[in-house]
Structure formats: structure tokens, C-alpha cells
**Q** 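Can you keep this structure in mind? I'll have questions shortly.
Position 1 is the first residue of the sequence, and the numbers go up from there. For ligands, and for the atoms within them, numbers begin at 1 and follow the listed sequence.
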Amino acid sequence: MTVGILGGGISALALAYFLKRDYEILERSSNCGGLCTTFNKNGFLYDIGGHIIFSSNKEILQFEVDLLGDKIHKKRRSNKIWYKGRFVKYPFENGLHSLDKEEIFDCLRDYLKNDHKKPSNLKEWFYYTFGTSISDKYMLPYNEKIWKIDPTLMGMEWVERIPKPPVEDVIKSAIGIETEGYTHQLYFYYPKEGGFQTVIKTFEEKLNNIHTNKEVKAIYKEGKTWKVETNNSEHVYETLASTISIFDLVNILKVDIPEEVKKAVQGLRYNQMAIVLVGLNKIKFNDLTAIYVSDKKSLAHRYCFSAGFADSLSPPGCSSIFAEITFNSDVPKEKIENKEVIDKTVLWLIEEGFIEKSDVCETDIKHIKYAYPVYDLNYVQNMKTIYEYFDSIELNILGRFAQFIYINSDVCISNAKKLAEKLNLKVKV
Ligand SMILES: Cc1cc2nc3c(=O)[nH]c(=O)nc-3n(C[C@H](O)[C@H](O)[C@H](O)COP(=O)(O)OP(=O)(O)OC[C@H]3O[C@@H](n4cnc5c(N)ncnc54)[C@H](O)[C@@H]3O)c2cc1C
């Protein structure tokens, strides 16, 4: 009754943790972590973009806090928007007072006098929710930059991630009274040592049967069992849970997948991402966690400042900045000039006055193939087809790129817990 778990990211580890059955984890890389991996370049540690422990689900947040115990510390978020050469409080609608008076007026007028019709796509949703000026000045350019697709072609299924501010907050923010948005991440937790991957390592300490360097190459259904072939082994399971990307899964699944399911998978859009590390020979910005930049002059949409997370992310006396840059999935990795991307990132930081050239003592770049699922207008229909098919063949799919949902690790843990409860029940009957 062993459960075969394909992939070794946080979804897989959390599933194993909650299972009351035997399991085996097969991970392609030499270590577990997936998107929760922390890289190390000569003592400069950096996550795959800003990774923090937070959740609007109190039970899951408490679970993570208890799991990590004294390995984590609590920090206050200090995210800002970098807009026309100045800091604006994050989220934008809570920082209106930092804009020029004319711009404040425009934002407030359009927010209060908003006759945009009920939305049918993401662009319309921004106009409908925030009014024309806030949308045009920040929301739309920022979202165009991260999603690399016209927002009229995107759906609204993920917008619950963008809290809608109360009217009072927007008025207060416009006249300079402090307000807070996104309060569920105002305080966050972060590992004192080892970067975000410490969350993964803590799970690993409590688990066994994790097999790394096992790339799943083929999956066969044989009667009621699943045969899984890796680069160097063969396994048979009665129950299978796959956390590897849905694209890779359909390629290695050796069953007759209906054409409409293949088409639905091919129809899904996603973005890849590059993370650029800029190591500094001094401690800078320990009062800042991240900045969001909608200006197209900056390749990156977000920059994170290591000193705002943990001193241990850099060698003594040093700090770092890591920049997140998305690319369409169809841009070949070989076409991305690493040196050019790094140079442009450093140059932007210098030109905007964040660093001086002489501060930079280390750089690095990593590419992440599956970074962001993109919710286009066909997303819901495609996912319905895909979910119904995988339900019908009883292959459990779990995780950000397996279920193809824009979720953070807290939701991965919560979904893993639900799946474990379902699979635990099965063994009792
Ligand atoms: C830029 C960015 C910022 C984020 N910020 C946060 C944040 O602040 N807080 C937060 O909680 N979450 C954050 N997240 C989300 C979080 O990283 C993901 O939700 C989570 O890590 C997904 O875990 P997963 O296990 O579902 O998938 P993955 O991490 O993708 O794991 C899949 C695993 O499968 C393995 N695999 C793939 N193919 C095979 C194969 N053929 N055989 C065997 N193994 C295979 C991979 O190597 C990988 O380890 C962020 C994500 C991104 C991209």
C-alpha cells in the first residue's frame, strides 16, 4: 500500500508528513526543495525570489511556526513600490500620499467616481476595482510586466490574492493618514539560517524514504497498480501522487491520454523566471524587504533585500539584492543572455541610486523553468478537462505546477494535508 510521491518539493514533503501510510519520494535533483530551494554563491544565499512564511490560513501558519520552532524569526514586512524615483508604500493604494498632488487627485477622483462596468477580464477588473488612474499608473504596467501577456487576455480567477482596500483606506492614504494593506503578510516568518530551504530541510528531518537523483522517466498503469521508471530504478505503487509539472507528467505518462486532455494541457500558459543575485560588500537596506517596480526600464518586477530577511544570507559585513525577471515560456533559455541580464540589473540599481558600482562583489543568475502559472481566459475550461481526466484515472496531482494553480507553499501544505487525509481514509476501508 505504499504511496509513490513524484517530485520532492514542499507539496511532496508535506504529503509524506501527513500520510499515515508507507510512502516513497522520488526526486529528480540531488536535493529536495523545488521552488523552495535556496542557492549559495560563495556564501551569498538566495531564494527563488522573495520567499516568506505567511498565510491567511491561521491553522497552516501555526503548523509551520510549530514545525520550525526556534529556527525562524518574526519580521515586519517593509515592502515598497519604486515609482518615478521615489518610494511609495506598498500596496500602491495605501501609499497614494507619496505621489504628486495632481496624481493623488487623479487617483482619488477615479477611485471614487468609478463607472467601469462589471469586469470580464483582468484589465477590466483593475479598472473596476481601483479606477482608471491607479490602474494606469501602477497596477496594469506592473501586471503586464510580471505576466508578460496583455491583461485583457487574462482571467480573474486568482484575484483573491489582491485584497480590495476599504474606501476609507484609500481616502486616508490619499490625504496622508497611515493605513496598512495586505495585513496577513504584514508580519512574516523567515528562517534565521539557511534561507527558505530550511523549511524543506526541517520537513526532511522528520521523513524517511526520500530518494534523490531519481528522475521519473515513464509511468505505466498496470491493472490497479502504477509502474514508475526512473533513470536508474523501477517502482510499483498502488497509489500515486505526482507533484511534477503537468506538462512533464503528460509527456511521461504512458497511457492513452485523450486528445482533448492533451490539448487542454498544451493550452496552458506559464512564465519562466530568472533570479539575479547582486552581492554587496557592505550591509545595505536592512530596513527594506522588497521593492516592486512597474517601470519597464527595470527588467525585474521585484527586488528583494537580503538584510531585511536574515543576516545569515550573506557573508559577515555583506548583504545582497535578488531580482526577479519573468519571461514567456516560449523564450528559449539559450536566447537569454545571462551577462546582459545581470549587467542591466546592476546598472538599473546604480542609476536609481540603490547601489554604487564599487559595492558589487558578487553576481549570479539562475533560471527557473516553471515559475508562474498564467491564468488566461481558457484556464478554467482547460483545468476542468485536466482535473476530470486525472480524477478518472485515479492519479492524484498535487502542487503549484501539477495542479497548475498560483499558490504559495502554505496552500501547498494545506492541499497536501487534504490529500493525505483522503489517502489515509482509503487504507482503512
Ligand atoms: C518568485 C516566487 C516567489 C514565491 N514566494 C513565495 C513566498 O513568499 N511564500 C511562499 O510560501 N511561497 C512562495 N512561492 C511559491 C512556492 O515556491 C511554491 O508554491 C512551492 O514551492 C511549490 O511547491 P511544489 O512542491 O508544489 O512544486 P515544486 O517546488 O515545483 O516541486 C516539484 C518537484 O518535482 C521535481 N521534479 C520535476 N520533474 C521531476 C521528475 N521527472 N522526476 C522526479 N522529480 C521531478 C522538481 O525537481 C521539484 O523538486 C513563490 C514562488 C515563486 C516562483
**Q** Just wondering, do Phe305 and Lys284 contact through their side chains at under 4.5 Å, heavy atoms?
**A**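 The answer is no, as the side chains (C-beta and beyond) never meet within the 4.5 Å cut-off.
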
**Q** Would you give me the side-chain donor-acceptor pairs under 3.5 Å for residues 215-228, sequence neighbours excluded?
**A**
from: Lys221; atom 1: NZ; to: Ile393; atom 2: O; distance (Å): 3.0
from: Thr225; atom 1: OG1; to: Glu222; atom 2: O; distance (Å): 2.8

**Q** Checking Asn121 against Thr152: is there a side-chain donor and acceptor pair closer than 3.5 Å?
**A**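 Side-chain D/A pair, Thr152 to Asn121: absent.
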
**Q** Give the contacting part of Ser29 toward ligand 1: side chain, backbone, both or neither, where contact means a heavy-atom distance below 4.0 Å.
**A**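 Looking at Ser29 and ligand 1, just side chain atoms fall under 4.0 Å.
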
**Q** Give me the nearest non-hydrogen protein atom to atom 43 (C) of ligand 1 as residue plus atom name, then the distance to 0.1 Å.
**A**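 Going atom by atom, the protein heavy atom closest to atom 43 (C) of ligand 1 ends up being Arg28 N, 3.2 Å.
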
**Q** Judged on heavy-atom distance to atom 15 (C) of ligand 1, which of Gln403, Lys214, Arg400 sits nearest?
**A**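 The nearest heavy atom belongs to Arg400.
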
**Q** Would you mind checking which non-hydrogen protein atom is closest to atom 2 (C) of ligand 1, with the distance to 0.1 Å?
**A**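 For this ligand atom, the closest protein heavy atom is Ile48 O, 3.5 Å.
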
**Q** Ala371 versus ligand 1: do any nitrogen or oxygen atoms come within less than 3.5 Å of each other?
**A**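 No: no nitrogen or oxygen of Ala371 is under 3.5 Å from one in ligand 1.
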
**Q** Identify, for atom 34 (O) of ligand 1, the protein heavy atom at the shortest distance, and state residue, atom and that distance.
**A**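 Closest protein heavy atom to atom 34 (O) of ligand 1: Gly7 CA, 3.3 Å.
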
**Q** Centres of the Tyr138 and Tyr83 rings: under 6.0 Å?
**A**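 No; Tyr83 has its ring centre 6.0 Å or more from that of Tyr138.
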
**Q** Taking C-beta and beyond as the side chain, do Ile134 and Phe92 meet within less than 4.5 Å on heavy atoms?
**A**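 Yes - at least one pair of side-chain heavy atoms lies under 4.5 Å apart.
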
**Q** With no hydrogens and no angle check, do the side chains of Lys164 and Thr129 hold a donor and an acceptor under 3.5 Å apart?
**A**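 Side-chain D/A pair, Lys164 to Thr129: absent.
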
**Q** Using atom types as modelled and distance alone, determine if a side-chain donor or acceptor of Tyr127 lies under 3.5 Å from a backbone N or O of Asp136.
**A**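 Not at all, since once roles are kept as given, no pair shorter than 3.5 Å links the two residues.
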
**Q** Would you mind finding which of Cys304, Gly399, Cys32, Ser11 brings a heavy atom closest to atom 25 (O) of ligand 1?
**A**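 Looking at heavy atoms only, Ser11 sits closest to atom 25 (O) of ligand 1.
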
**Q** Looking only at protein heavy atoms, identify the closest one to atom 21 (O) of ligand 1 and say how far it is in Å.
**A**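 Protein heavy atom at minimum distance: Cys36 SG, 3.1 Å.
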
**Q** Identify, by atom number and element, the atoms of ligand 1 in contact range of Leu26, meaning under 4.0 Å from any of its heavy atoms.
**A**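 Going through ligand 1 atom by atom, the ones under 4.0 Å from Leu26 are 43 (C), 44 (N).
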
**Q** Identify the protein heavy atom lying closest to atom 31 (O) of ligand 1, giving its residue, its atom name and the separation to 0.1 Å.
**A**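 The closest one turns out to be Gly9 CA, 3.6 Å.
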
**Q** Taking atom types as modelled and ignoring hydrogens, do the side chains of Ser245 and Tyr270 form a donor-acceptor contact shorter than 3.5 angstrom?
**A**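 No pair is found: no donor N or O on one side chain lies under 3.5 Å from an acceptor on the other.
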
**Q** Quick one: which ligand 1 atoms are inside 4.0 Å of a heavy atom on Glu215?
**A**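 Answer for ligand 1: 41 (N), 42 (N).
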
**Q** Would you mind finding which of Glu27, Gln185, Met273, His51 brings a heavy atom closest to atom 47 (O) of ligand 1?
**A**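 Selected option, by shortest heavy-atom distance: Glu27.
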
**Q** So if I count the atoms of ligand 1 from 1 in the order they appear, which ones are less than 4.0 Å from some heavy atom of Gly8?
**A**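 Once the distances to Gly8 are compared, the set is 33 (C), 34 (O), 49 (O).
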
**Q** Against heavy atoms of Cys412, which atoms of ligand 1 measure under 4.0 Å?
**A**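 Checking each atom against Cys412, I get 19 (O), 20 (C), 22 (C), 23 (O), 26 (O).
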
**Q** Among Ile10, Ile407, Asp47, which residue places a heavy atom closest to atom 19 (O) of ligand 1?
**A**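 Answer by nearest heavy atom: Ile407.
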
**Q** Go through the structure and list residues passing salt bridge (Lys or Arg N to Asp or Glu O under 4.0 Å) with Lys89, not counting sequence neighbours.
**A**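 If we apply the salt bridge (Lys or Arg N to Asp or Glu O under 4.0 Å) test to Lys89, skipping adjacent residues, the hits are Glu178, Glu180.
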
**Q** Nearest to atom 40 (C) of ligand 1, what protein heavy atom do you find, and at what distance?
**A**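 Ranking protein heavy atoms by distance from atom 40 (C) of ligand 1, first comes Val216 N, 3.7 Å.
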
**Q** Please check whether Asp248 reaches ligand 1 - meaning an N/O of the residue sits under 3.5 Å from an N/O of the ligand, judged on distance alone.
**A**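 No - when backbone and side-chain N and O of Asp248 are compared with those of ligand 1, no distance drops under 3.5 Å.
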
**Q** Quick test: of every protein heavy atom, which one is nearest to atom 29 (O) of ligand 1, and how far off is it to 0.1 Å?
**A**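 Minimum-distance protein heavy atom for atom 29 (O) of ligand 1 reads Leu35 N, 2.7 Å.
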
**Q** Between Val411 and ligand 1, which residue portion shows a heavy-atom distance shorter than 4.0 Å: side chain, backbone, both, or neither?
**A**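 Contact part for Val411 vs ligand 1: neither.
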
**Q** For atom 9 (N) of ligand 1, state which one of Ile52, Asn408, Ile275 supplies the nearest heavy atom.
**A**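 Result: the heavy atom closest to atom 9 (N) of ligand 1 is in Ile52.
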
**Q** Enumerate the atoms of ligand 1 whose separation from the nearest heavy atom of Thr243 is less than 4.0 angstrom.
**A**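 Numbered from 1, ligand 1 contributes 32 (C).
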
**Q** Quick test: of every protein heavy atom, which one is nearest to atom 36 (N) of ligand 1, and how far off is it to 0.1 Å?
**A**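 That would be Ile244 CG2, 3.5 Å.
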
**Q** Keeping Thr230 on the side-chain end and Lys214 on the backbone end, is there a donor-acceptor pair under 3.5 Å?
**A**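 Here the side-chain-to-backbone pair does not exist.
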
**Q** Is there at least one pair of N or O atoms, one from Gly50 and one from ligand 1, spaced under 3.5 Å apart?
**A**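 Yes - when backbone and side-chain N and O of Gly50 are compared with those of ligand 1, one distance drops under 3.5 Å.
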
**Q** Gln272 side chain to Val331 main-chain N or O, any donor-acceptor pair under 3.5 Å?
**A**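 A pair under 3.5 Å: yes.
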
**Q** Can Leu6 be said to touch ligand 1, with heavy atoms closer than 4.0 Å?
**A**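 Flag not set, Leu6 not near ligand 1.
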
**Q** Any idea which atoms of ligand 1 are less than 4.0 Å away from a heavy-atom of Glu324?
**A**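 Close to Glu324: 1 (C).
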
**Q** Less than 3.5 Å apart, any donor N or O on the side chain of Ser55 or Asp410 sitting next to an acceptor on the other?
**A**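 Side chains of Ser55 and Asp410: pair found under 3.5 Å.
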
**Q** Check whether any side-chain N or O of Lys145 sits under 3.5 Å from a backbone N or O of Ser298 as a donor-acceptor pair, and report yes or no.
**A**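 It does hold such a pair.
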
**Q** Below 3.5 angstrom, do we get any N/O pair linking Gly49 and ligand 1?
**A**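 For ligand 1, there is no N or O atom that lies under 3.5 Å from one belonging to Gly49.
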
**Q** Heavy-atom distances under 4.0 Å are what count here, so tell me which part of Tyr372 touches ligand 1: side chain, backbone, both or neither.
**A**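 It is the side chain that gets close, since no backbone atom is under 4.0 Å.
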
**Q** Would you call Glu238 and Arg21 a salt bridge, using N to O less than 4.0 angstrom?
**A**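 No salt bridge links Glu238 with Arg21.
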
**Q** Only one of Phe39, Tyr189, Phe196, Phe322 forms a ring-ring contact (aromatic ring centres under 6.0 Å, His included) with His51, so which one is it?
**A**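 Going through the options one by one, the only one that passes is Phe196.
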
**Q** Can you confirm whether the side chains of Thr289 and Asn79 place a donor and an acceptor under 3.5 Å from each other?
**A**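 Yes, side-chain donor-acceptor contact under 3.5 Å.
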
